[in-house]
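For reference, the structure discussed in these notes is given below.
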Amino acid sequence: MIELTSVTKQYTKDDNEPIRALDAVSLKLERGEFLAIVGSSGSGKSTLLNVLGLLDSPSAGRYAFEGADVSRLRSDDQAAWRNRRFGFVFQAFRLLPRANAIENVELPLLYSDRKHIDGMAKAALEIVGLADRTTHRPTELSGGQQQRVAIARALVNSPDVILADEPTGNLDARAALEIMALFQRLNREGRTIVLVTHDPQIAEHCRRVARIERGRIVSDELVAQTRNAESALENTKASTGNLS
């Protein structure tokens with residue numbers, strides 16, 4: 001579905017030497033995969049995710065989506081493609097503070113060409129288990145619930161790919177497991193997910209892990225035994241219950 005061929009992203013600041021955030025990256029992604037991109041701060045993982053989501057364009061190389069070279073599209077065509085093909089989840093949730101859950105989830109629909117959007121936001125909230133929180137504002141939700149709203153927002157347009165940038169970075173361990181359990185369920189249902197993280201333990205919940213260092217992918221492997229987030233969550237609940 002997605003193929004990057006020798007993709008390079010270079011930045012130049014003032015009169016300094018150019019910085020290569022991505023250096024000749026080649027990557028293939030099939031429909032239905034669950035890929036973790038792992039790397040330390042400054043490794044290029046978020047830049048790679050931005051290129052995949054058409055939030056940034058390569059300086060060189062080719063980005064093909066279902067055979068079409070999308071990196072060469074005009075900016076307005078990229079925006080339309082991005083709206084319908086990708087759903088984005090961010091570390092900081094990026095919810096509108098004065099809007100309730102339904103209104104936050106509806107945002108991508110307002111920029112789409114869909115004629116009928118009634119009920120779509122509510123259905124997306126039901127998928128992430130927040131059917132009873134539709135009128136709650138972000139301040140009335142826990143961190144994990146806010147991220148679930150953000151995931152519902154990513155799902156509402158039925159995108160081909162969900163792109164998640166450090167989605168557990170602002171969550172405690174239990175909430176992080178809840179989010180990873182949700183991602184695993186969505187992947188089992190056939191959704192394609194690319195998740196960026198610096199945490200190897202989070203990556204173990206994904207089915208494939210690509211490691212990036214200094215803008216280059218240094219390894220790309222299937223996970224031999226994927227950690228089951230639901231089981232880990234149940235063990236956490238049982239341990240908490242025993243302590244109490």
Pairs satisfying salt bridge (Lys or Arg N to Asp or Glu O under 4.0 Å), at least one member in residues 44-62, at least two apart
Lys9-Asp56, Arg62-Asp69
Sequence neighbours left out, what pairs pass salt bridge (Lys or Arg N to Asp or Glu O under 4.0 Å) with at least one residue falling in residues 125-134?
none
Find the distance between [atom1] ([X]) and [atom2] ([Y]) and round it off to the nearest 0.5 Å.
X      : Y      : atom1 : atom2 : answer
Arg216 : Ser26  : CZ    : OG    : 10.0 Å
Cys206 : Phe183 : SG    : CZ    : 9.0 Å
Leu27  : Leu48  : CG    : CG    : 6.5 Å
Arg85  : Leu163 : CZ    : CG    : 13.0 Å
Leu29  : Leu52  : CG    : CG    : 7.5 Å
Met120 : Ser158 : CE    : OG    : 5.5 Å

Polar side-chain atom of Asn187 near backbone of Gly32 as donor-acceptor pair, under 3.5 Å:
yes
Is there a donor-acceptor contact under 3.5 Å from the side chain of Glu166 to the main chain of His198?
yes
Side chain to side chain, [X] and [Y], heavy atoms closer than 4.5 Å:
X      : Y      : value
Leu54  : Phe65  : no
Arg185 : Leu182 : yes
Gln145 : Glu178 : no

Atom CZ of residue position Arg188 - does it have more than 12 heavy atoms of other residues, nucleotides or ligands inside 6.0 Å?
yes
Crowded around Glu17 CD? As in, over 12 foreign heavy atoms under 6.0 Å?
no
Salt bridge between [X] and [Y], side-chain N to carboxylate O under 4.0 Å?
X      : Y      : value
Arg74  : Asp76  : yes
Asp220 : Arg208 : yes
Lys122 : Glu106 : no
Glu221 : Arg207 : no

Show the nearest heavy-atom pair for residues [X] and [Y], with the distance to one decimal.
X      : Y      : answer
His136 : Leu141 : CB-CD2, 3.7 Å
Ile202 : Ala176 : CD1-CB, 4.4 Å
Gly53  : Arg82  : O-CD, 3.0 Å
Asn83  : Pro108 : ND2-O, 3.2 Å
Gln78  : Ser71  : NE2-O, 3.7 Å
Trp81  : Ala68  : CH2-CB, 4.2 Å

Indicate, with yes or no, if [Y] and [X] share a hydrophobic cluster defined by side-chain heavy-atom contacts under 4.5 Å among Ile, Leu, Val, Met, Phe, Trp and Tyr.
X      : Y      : value
Ile193 : Ile151 : yes
Val7   : Phe86  : yes
Leu35  : Val51  : yes
Leu195 : Ile212 : no
Met1   : Phe34  : no

Going by atom types only, do Asp165 and Ser46 share a side-chain donor-acceptor pair under 3.5 Å?
yes
Would you say the side-chain atoms of Gln184 and His205 include a donor-acceptor pair closer than 3.5 Å?
no
Would you verify whether the NZ or CZ of Arg94 falls within 45 degrees of the ring axis of Phe90 while also being under 6.0 Å from that six-membered ring's centre?
yes
For Arg137 and Glu103, what are the C-alpha separation, side-chain angles and deciding distance, and is it a salt bridge (charged side-chain N to carboxylate O under 4.0 Å, His left out)?
CA-CA 9 Å; Arg137 294 183 178 181; Glu103 292 165 341; over 6 Å; no
